[in-house]
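Chain letters run A, B, ... following the sequence lines, proteins first, then strands; residues in each count from 1.
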Amino acid sequence: MRTENMSKKRKHESGGGGNVLKIGNKTISLEGYLTKRPKKESENPPPPPSTEAPVEETLAEDQKPLKGNESRKTRKPPVGGDPQLLKIRQALPIWDYQEKIRSILEKKDVLLLVGETGSGKSTQVPQFLFQENWCQKRKAKVKQPGSGKEEEINVGGMIAITQPRRVAATTLAHRVSKEAGTPLSGQSSDGKSKRGPPSKGLVGYSVRFDHRVPQGTKIKFLTEGMLLQELLRDPHLRQYSAIVVDEIHERSVDVDLLSGFLKQIITGDKAGRGGIPLKVVIMSATANVEKIRNFFSVEEEDRAQAAPPGPEASTGSSVEFLQIEGRQFPVETVHTTKPVPDIQEELLKTIFKLHTEEPLQDKHGKNDILAFLTGQEEIEGAQRLIEEYAGTLASNVPKIKVFPLFGQLSMEAQHDAFQPVKVPFTRKIVLATNIAETARLGMESLLAKPISKSSAVQRAGRAGREGPGKCFRLYTEESFDTLQQTDLPEILRTDVLGAILTMKARGIEDVLAFPLMDPPEVESVGKALIHLHMLGALDGHGNITETGRKMVLFPVTAPYARVILAAADPRYNCLLEAIDIIACITAGDDIFLQLRSEEAREDVEVLRKELWRREGDLLTYLTAMQRYAAENADRAVWCRARKMNTRNMRQALNIRKQLRGLALRHGLLAEAPPADPQPFAPTPPDQAELILKCFLKGFALKTALLMPDSSYATSVGKHVVAVHPASVLHGQKKEAVMFLEHVYTQKNYAKKVSAVQAEWVAQAFEGGL
DNA sequence: GAGCACTGC
């Protein structure tokens, strides 16, 4: 049973995979919640593949391409692996389509595959394809760009499968390597890679902070962002024979950009790949794929541009379409008959009606309840009310155990929400934000979004994955009818600054001509171009500069990348400090937890004030990072004493390490900084001034001057902004402030605020700092 | 004195 609530959240479906999920070092079992496999199998998890097995021999046999006229019918199923796993794989809806998929891709370069979550497409499609003839590594001749000399290179041999999120990529890779029966090891960026000779394996993955690509990898899972990064070094994606783009329906900016680059590669002249085509499989969990299909269909004009029409030009370039039929239990969807005046009350009524009327368990499993709410506060409120009311129930009614689930909860608490309740005669109720929707916890679910009808319909279908289900929409059928058909893709909702720089750095001169499924407004592209010019990433002709090329090497937004470059300049010489600050800011939510009560504030006031700096939030972040890194004892204890977000501080340290490494590799740092812990020494005021001037290089537009009436007005546009109460500069008057973020809520608020001098701001605009 | 959620390099 699911209860859903109107919410603006992004939806998401997880990829295939098992019912056990690894997050960092933790293994989270989804059993008893949204179990994907029949009970029997999940109760008897197959043994891990033995590392003693003759892996190399297996590989040699399995990786053999088909010979000449070898019959496909007689070929063994791909990769031995575990026989129990093979049985599960054979039961997947996609299994019966494998010959069809192979035969399509033998003839065509592009396949659009629609299949529900759980159809097995993410795990099986790459395994269906890696032995194909076209998927083997080949020698090819390409002309060198400058000299025109011919050079022999390797093209192809690997399949890339992109995922929107890291957890999905790593989880799927683990799953597929198990199925394939080959170890998933190799170079790990965390320095924990195993000793001894590098192992061989069919499957690898590459995500930020974590790369495991064993020797002989044929199937590589990566995040969309990571493939975009690879595109910088390898514009023709020469190491790949095929790219599988999974979860394209989510329409992230990254997947939209990736689609554009892939379209250019498949419609281009292929000279950069020595004439060897790149196969592309586009996978979507939603059926309304007309736009995607049209986008990848090669129009006559595209083809004419790509190559002069030849006898074979009219075949082989169109998009093949294949829909996988899923298995579905019926889902009863119920709307309210009239608009709900109080959503909280309606939620309670629905939950308790279900609780008293529905059995705790039926033959399909437990009847737990999952409800989606909009935010943490709403969840905490609902939990209080439910528990209060549950206490008044008669003793013959089952007990209730409520599990809240939102991003700010500790990993342990999030983990709890996925465990079956151990107390007998008790129903589990999970109250979640859209965190439960993401592959973060590997669980697919339903969530009504007022903006997307198609996904609401799709989600309702999902309630019937393990057995008949019910879906309660706490709004009327009429409001459902008013929902938009689909979501607005992210690229139309957000700033395109980063997207434009991504294109420019990958050789796109005319960004307006770049193929996109949903091109943003020309005006917003123009604004981004101007902003990039101001940042020094583009020259007067709109061409990428050396500065711009260096900026894209750093995994931060363009303004932060500009700050990093400025900080590396000998005139400023504050790179390590800038990196510390940027790491803290980009690690997620604020590293300082918001304190609600006066009491909580008093508890940590003394310790927090040790970190405060009169210069503002940036220098405060710097102090926090330096003290945290200097901490020799338990860093988690250090965080808790100051009510700081432990998870984000750990993440900040990861980012800091990555940015330092990149700075070193690209010559911004002469030598590696000394290892932690280093003794803390406060940053002197003149150094603080240099740091703030560096940030002005990236954020000159985000400055405001003090007005005679004590308000602040932005330097450009003269909009009134107020310093956010979470800032250390709240309530203070400074002649000018720089803010890295702003939100418009009750007021126009500036966040991440620093005190600067009006003169510095003027200099930043003149570019004369 | 505030307040939506989540993702990526």
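Salt bridge status for A/Arg493 with A/Glu490: absent, with no side-chain N to carboxylate O gap under 4.0 Å. A salt bridge is defined here as a Lys NZ or Arg NE, NH1 or NH2 lying under 4.0 Å from an Asp or Glu carboxylate O, and A/Lys751 with A/Asp590 fails to meet this definition.
A/Glu546 meets the salt bridge (Lys or Arg N to Asp or Glu O under 4.0 Å) test with no other residue; sequence neighbours excluded.
When the side-chain nitrogen and oxygen atoms of A/Thr223 are compared with OP1 and OP2 of B/dG8, none of them lie within a distance under 4.0 Å. A close approach under 4.0 Å does occur between a side-chain nitrogen or oxygen of A/His724 and OP1 or OP2 of B/dG3.
Centroid-to-centroid, the aromatic rings of A/Phe514 and A/Phe261 come within less than 6.0 Å.
Distance CD1/A/Ile243 to CD1/A/Ile282: 10.0 Å, rounded to 0.5 Å.
Taking atom CG of residue A/Leu501 and atom C1' of nucleotide B/dG8, one finds them 15 Å apart after rounding to whole Å. Atom CG in A/Asp254 sits about 9 Å away from atom C1' in B/dT7, given to the nearest Å. Distance A/Leu553 CG to B/dC9 P: 16 Å, rounded to the nearest Å. Atom-to-atom, CD of A/Glu224 to C1' of B/dC9 comes out at 11 Å; the value is rounded to the nearest Å. Atoms CD1 (A/Ile343) and P (B/dC4) sit 17 Å apart, rounded to a whole Å. Remark: P of B/dG1 and CG of A/Leu729 are 15 Å apart, rounded to the nearest angstrom. Straight-line distance from the CD atom of A/Gln229 to the C1' atom of B/dT7: 16 Å, rounded to whole Å. Atom CG in A/Asp590 sits about 13 Å away from atom C1' in B/dG3, given to the nearest Å.
A residue-by-residue look at A/Pro725 and A/Val556 shows that A/Pro725 has its nearest nucleotide of DNA chain B further toward the 5' end.
Across all strands shown, A/Glu598 has heavy atoms under 4.0 Å from base atoms, whether or not it also approaches the sugar-phosphate. In this structure, A/Leu595 reaches the bases: a heavy-atom distance under 4.0 Å links it to at least one base atom across the strands shown.
With B/dC9, B/dG3, B/dG1 as the choices, the nucleotide that has an atom nearest any side-chain atom of A/Thr745 turns out to be B/dG3. Relative to the side chain of A/Met226, the nucleotides B/dG1, B/dA2, B/dC9 differ in distance, and B/dC9 lies closest.
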